[in-house]
J.: 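Can you keep this structure in mind? I'll have questions shortly.
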Amino acid sequence: VARMSSQDGDDDEEWEGQTVEDQEEVTQKLDRCYAALRRDASKENDVHLFREEHIAWLWRGFSGLPSGYSSLDASRPWLCYWTIQALDLLGESTARRASQIVGFLNKCQDTEGGFTGGPGQLPHLATTYSAVLALLVVGTEEAYKSIDREKMSLFLHRRKCANGGFTMHDSGEQDVRSMYTAIVVAKLLNLLTPELVAGSAEWLAQCQTYEGGLGGCPGNEAHGGYTFCGVAALVILGRTDVLDMPRLLRWVANRQMEDDRGFQGRTNKLVDSCYSFWQGAVFPLLSYVMHPEPDSHTPSGWLFDQRALQQYVLMCAQHAQGGLRDKPGKGCDYYHTCYALAGLSVAQHNDLVITPEPSPYIDKHLDGNEEEDDDVVSVSSSSVTLFGPTENVVEATHPVYNVRPEKVARAMRYFYSL
């Protein structure tokens, strides 16, 4: 309980917990960020995405990281993915580093399948997922060919459990993240089989809580990251029918904080820019579930305040010298930079349409007239909802994979032709 009050005769006492104190401190900081806009709404066009500063900050990471990042030595493919996906969203090409990125990630590929957190470490589903996504961002044939699909299939099947779930690594934990990462890798690389996902939808259904969101495992508290992973996995599987959708929609819609304008990850928790994607991307997925036929989709935006979320990212999460942060008072890092920009993208591109065939948006970014596989999920986007000047628009991202849609389509055309 965060706040309690009691009355005993004439005494009236109130105790406030740490959550309330933290929320009040954050609210004061955010009020200062929003003060100029509250005084004069015309100041909106003075709110800019620090594009060039972010690009320069991200590129500096290729030259070396501060010593504090040594704690992420087992997450090196993640650092690679966060950095190049953020650059891609900002419209910055990483082509000059493509072969270097592929070469490093190949050193992280285990001889028995899957990718490790770094050369010489153990293979893990999370780093396998981030490595594969990074290679899709690179988007070259060299990147695609570097993945040993035969051994990857064996690795994924070793992760499968009899109850329908997946373990992260040998003798590792089983949760919604492991389910999502396994299904994404299998889908992107054309390795998804009925055997691999037998019982998986039913296992995910057990993770939906009384609140409506999904916890990491059956019986756990609803959480934004796990909710995204579970919903995205079920969209890939075509099994969103196992969830109580009205309850899920009510829960995720209530995670956007009215005064703070960003999303929280759990009930009674603080706003955090990374949930701009983890919570925000659930809305286009739910829109797809409610309107699965492209012609039935009304491009009127998502069921959250998109301009308010953009305000939070642009006015509260940016660091003037480059990089994005959790909230004011925190330092910037690659994780929050990637997911804050991805959330900004979701909030801007208000008519992402997930379809089972190629869309005009994807086709205009690809050469040739190859036919898309009927089971390939693609995305289109043709208009934006914007806060601030037009220069604030970032690239669209696929709400299932968090990679630019045209790069998802290009990779899947390659792997589905094998």
Side-chain angles (χ1 to χ4, degrees), residues 125-126 129 133 164-166 174-188 192 197 199-256 263-267 272 274-292 297 301-304 306 309 339 342-343 345-347 349-350 352-356 375 377-379 397-403 405 408:
L125 268 176
Y129 163 86
L133 293 191
F166 291 81
Q174 179 183 168
D175 58 28
V176 175
R177 294 173 309 148
S178 56
M179 175 81 72
Y180 167 72
T181 52
I183 289 174
V184 163
V185 169
K187 179 67 175 180
L188 290 173
L192 199 63
V197 297
S200 294
E202 290 75 16
W203 188 90
L204 284 169
Q206 299 177 58
C207 298
Q208 187 171 27
T209 75
Y210 72 93
E211 288 186 278
L214 277 71
C217 297
N220 285 8
E221 178 185 12
H223 183 283
Y226 293 119
T227 297
F228 166 82
C229 289
V231 174
L234 289 168
V235 165
I236 294 173
L237 296 176
R239 289 299 314 278
T240 53
D241 60 289
V242 301
L243 296 179
D244 183 333
M245 283 298 172
R247 198 150 46 103
L248 170 61
L249 179 58
R250 182 174 63 248
W251 180 83
V252 71
N254 279 289
R255 300 285 67 76
Q256 187 173 23
F263 282 100
Q264 61 184 181
R266 292 177 286 161
T267 304
D272 185 331
C274 73
Y275 293 111
S276 303
F277 179 78
W278 297 125
Q279 301 281 30
V282 174
F283 290 91
L285 300 182
L286 293 180
S287 179
Y288 168 68
V289 172
M290 293 184 287
H291 307 285
H297 177 77
W302 313 127
L303 295 175
F304 70 91
Q306 294 166 240
L309 181 61
Y339 291 109
S345 175
V346 170
H349 296 270
N350 65 354
L352 292 169
V353 182
I354 305 175
T355 63
D375 196 39
V377 178
S378 62
V379 169
T397 195
H398 198 300
V400 173
Y401 307 107
N402 194 23
V403 174
V408 173

J.: Side chains of Cys274 and Phe263: closer than 4.5 Å at any heavy-atom pair?
T.: no
J.: Using modelled atom types and a 3.5 Å cut-off, is there a donor and acceptor pairing between side-chain atoms of Trp251 and backbone atoms of Tyr210?
T.: no
J.: Restricting to pairs with a member in residues 223-237, which pass side-chain hydrogen bond (donor to acceptor under 3.5 Å, both in side chains), not counting sequence neighbours?
T.: His223-Tyr275
J.: Side chains of Gln264 and Arg255 only: does a donor on one sit below 3.5 Å from an acceptor on the other?
T.: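 Checked: Gln264/Arg255 side chains pair up, N/O donor to acceptor below 3.5 Å.
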J.: Going from CZ on Arg177 to CG on Leu125, what distance comes out if it is rounded to the nearest 0.5 angstrom?
T.: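 That separation rounds to 9.5 Å.
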J.: So how far is it from Tyr180 OH to Phe166 CZ, rounded to the nearest 0.5 Å?
T.: 14.0 Å
J.: Enter the distance from Arg266:CZ to Glu211:CD here, rounded to the nearest 0.5 Å.
T.: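 Going from the CZ atom of Arg266 to the CD atom of Glu211 covers 10.5 Å.
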J.: Can Trp278 and Asp272 be said to form a side chain to side chain contact (heavy atoms under 4.5 Å, CB included), step by step?
T.: CA-CA 10 Å; Trp278 297 125; Asp272 185 331; over 6 Å; no
J.: Taking Glu202 first and then Arg239, would you say they form a salt bridge - that is, a charged N and a carboxylate O separated by under 4.0 Å?
T.: yes
J.: Would you name the heavy atoms of Pro246 and Asp244 that are closest together and state the gap between them?
T.: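 Answer, listing the atom of Pro246 first, then Asp244: CD-OD1, 3.2 Å.
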J.: Go through the steps to decide whether Asn220 and Thr209 satisfy the test side chain to side chain contact (heavy atoms under 4.5 Å, CB included), and finish with yes or no.
T.: CA-CA 8 Å; Asn220 285 8; Thr209 75; over 6 Å; no
J.: Sequence neighbours excluded, which residues qualify as side chain to side chain contact (heavy atoms under 4.5 Å, CB included) partners of Val289?
T.: Val235, Thr240, Met245
J.: Have a look at Tyr129 and tell me which of Leu188, Val185, Ile183 forms a side chain to side chain contact (heavy atoms under 4.5 Å, CB included) with it.
T.: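 Option passing the side chain to side chain contact (heavy atoms under 4.5 Å, CB included) with Tyr129: Val185.
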J.: Would a 4.5 Å heavy-atom cut-off, applied to side chains only, mark Ser276 and Val346 as touching?
T.: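 SC-SC contact between Ser276 and Val346 ruled out.
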J.: Assess the residue pair Leu286 and Leu303 against the criterion (side chain to side chain contact (heavy atoms under 4.5 Å, CB included)); give the C-alpha distance rounded to whole Å, side-chain angles, the decisive distance to 0.1 Å, and a yes or no.
T.: CA-CA 9 Å; Leu286 293 180; Leu303 295 175; over 6 Å; no
J.: Using atom types as modelled and distance alone, determine if a side-chain donor or acceptor of Ser200 lies under 3.5 Å from a backbone N or O of Gly164.
T.: yes
J.: Just by modelled atom types, is the Gly215 backbone N or O under 3.5 Å from a matching donor or acceptor in the Glu221 side chain?
T.: no
J.: Is a donor on one side and an acceptor on the other found under 3.5 Å between the side chain of Gln208 and the backbone of Leu204?
T.: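 No, Gln208 side chain to Leu204 backbone: no donor-acceptor pair under 3.5 Å.
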J.: What residue among Phe277, Phe304, Tyr288 forms ring-ring contact (aromatic ring centres under 6.0 Å, His included) with Phe283?
T.: Phe304
J.: Restricting to non-hydrogen atoms, name the atom on Pro399 and the atom on Ala281 that form the minimum distance, rounded to 0.1 Å.
T.: O-CB, 3.9 Å
J.: If you round to the nearest 0.5 Å, how far is CD of Gln206 from SG of Cys217?
T.: 10.5 Å
J.: Going by heavy atoms in the side chains, are Leu234 and Asp241 under 4.5 Å from each other?
T.: no
J.: Search all heavy atoms of Leu243 against all heavy atoms of Ala205 and return the closest pair with its distance.
T.: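 Where Leu243 meets Ala205 most closely, the heavy atoms are CD2-CA, 4.3 Å.
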J.: Any heavy-atom pair between the side chains of Asn402 and Tyr339 that's under 4.5 Å?
T.: yes
